[in-house]
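A note on names: the letters A, B, ... follow the listed sequences, proteins ahead of strands, and every chain is numbered from 1.
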Amino acid sequence: MSGAYQPKTALEFKSTSITVPALLLASNDLSTIEECLREKIAQGAEFFRESPVLIDLHRVNAAELEVDVAGLVSLLFDLNLVPISLRGGTETQNAAAVVLGLSLQAVSPSTRRAPAAVQEKVESVVKTTAEAPAEKRGEAVLKPANKLITQPVRSGQRVYSHGDLTVTATVSAGAEIMAEGNIHVYGSLRGRALAGVQGDSNCRIFCMDMQAELVSIAGIYQLRDDIPKELQHKSTQVSLDEQMLVIKEL
Amino acid sequence: MARIIVVTSGKGGVGKTTSSAAISMGLALRGHKTAIIDFDVGLRNLDLIMGCERRVVYDLVNVINGEATLNQALIKDKRCENLFILPASQTRDKDALSIEGVGKILEDLAKDYEYIVCDSPAGIERGATLAMYFADDAFVVTNPEVSSVRDSDRMLGILSSKSRRAENGEDPIKEYLLLTRYNPERVELGEMLSVEDVQEILSLQLLGIVPESKSILTASNSGMPVILDEESDAGQAYSDIVARYLGEDRPQRFIKKEKKGLLKKLFGGKS
């Protein structure tokens, strides 16, 4: 008589549905959004705690405003919301969302989707919206700027650069550094490094002491466990070749 | 203008309260009027370590809520007239704290006191963030052990971004490393992280090393800051630490295993 009951299959998918509030953004200004969200959360604290959220970018895209998807996602996490999906995004916004672990939602029939170039009024169905004061509407995200960090990036800190990112100090375990461009670490890299986060697969990661927990280029990632032991603690460069990460000594 | 020091760590049980008590007593003994505040609302320990648990009438939360004045709540230490203790509440929790309330208390204390030591609770939640918000100096207490080092690293990140100085773009909080429960024998055997290992990850100015010592337990049991036990190694380590903080140049002791002389080997030295 054998011991445990052996099921025929290890798992199965079952159809289920959950209700998720959709966050319709009308502004791309993160500090205004933060202010409005904090207010809303203060009014309905328990409802918003750890609440999954669907990010809807129809209105901002209709107004041709650029959105810092990574910054927005980070802000939502900081406010104890859990962004799970993106809707109404452009190709680059969708790519950014996917890299950050969000799924993409198809358009719902009640909101007419406007192609980014066409100005069209979008009906807001759900009550939660972030209203921007009139003078801030149309404010664009800063042009990609390369970032230089000279202080150690501590565990739990996140750094995001719209261009290249250069760190002339250590990146601690548990820290995350992200760049839309390349990443250079003139020190020990012990945390996570994500380059080309908006989809640029030509980006590279360079570091002087490879001890990274995770490296990623344009969404393709590799964990420390899978990085060859010979490369640990060496000066290395990480690049992407045909959807596969290549890690070489410098 | 008072200097506000936060004794913090992230990890629990590393020696924050022990260190806060010892260092504030050390500062007071040297003639500086010092106040020490327990921010661990609901789990207060400072009053026990300082030996004033039977004299607590009002506490930090009473003062914040306007139920008592600061002078009514502050407890004067029986051993040193320069040292005053503001205990935490035991019956409430950290939600009773507010930035404005804490800010007002520190502002009032700053008028008369030279040093205000804030004993932070463990963690990175409200009690800990409020304890460090107004700080000028931070003593990051770390054990030479992997989880403690990582938690201290996390706390350093928070100190550099969520303090009032960081938010206002002022000079950053001055961070010091306080390495406690250090056991040179185990370090030599390779079982314990060394000072260098810890510094490789944290890269902080080393304020001092406090050896693992039996005198700590004895001191807390008797409600006496360990710095008053002048013969003990831990007590002396804290004396060195206070001296270094005040600008004196003291070489680091307690890094190497103490070489026991013959008499000590025969009769057992005091640890």
Do other residues, nucleotides or ligands put more than 12 heavy atoms under 6.0 Å from [X] [atom1]?
X        : atom1 : result
A:Arg192 : CZ    : no
A:Tyr160 : OH    : yes
A:Glu39  : CD    : no
B:Glu188 : CD    : yes
A:Lys234 : NZ    : yes

Notebook entry, point to check: Heavy-atom distance under 4.5 Å between the side chains of B:Arg154 and A:Ser172, does that happen here?
Noted result: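 No, their side chains stay 4.5 Å or more apart.
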Item checked: Residue pair B:Ile201 / A:Arg190, side-chain heavy-atom distance below 4.5 Å ->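 Answer yes - side chains close enough.
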Notebook entry, point to check: Does one side chain, of B:Glu200 or A:Thr170, offer a donor that lies under 3.5 Å from an acceptor on the other?
Noted result: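 B:Glu200 vs A:Thr170: no donor-acceptor pair found between side chains.
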Note to self: Evaluate A:Gln157 against B:Ser160 for side chain to side chain contact (heavy atoms under 4.5 Å, CB included), listing each step before the verdict.
What the structure shows: CA-CA 10 Å; A:Gln157 287 186 316; B:Ser160 62; 3.3 Å; yes
Note to self: Distance check, rounded to the nearest 0.5 Å: B:Ser203 atom OG versus A:Arg154 atom CZ?
What the structure shows: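 Rounded to the nearest 0.5 Å, the OG-CZ separation comes to 6.0 Å.
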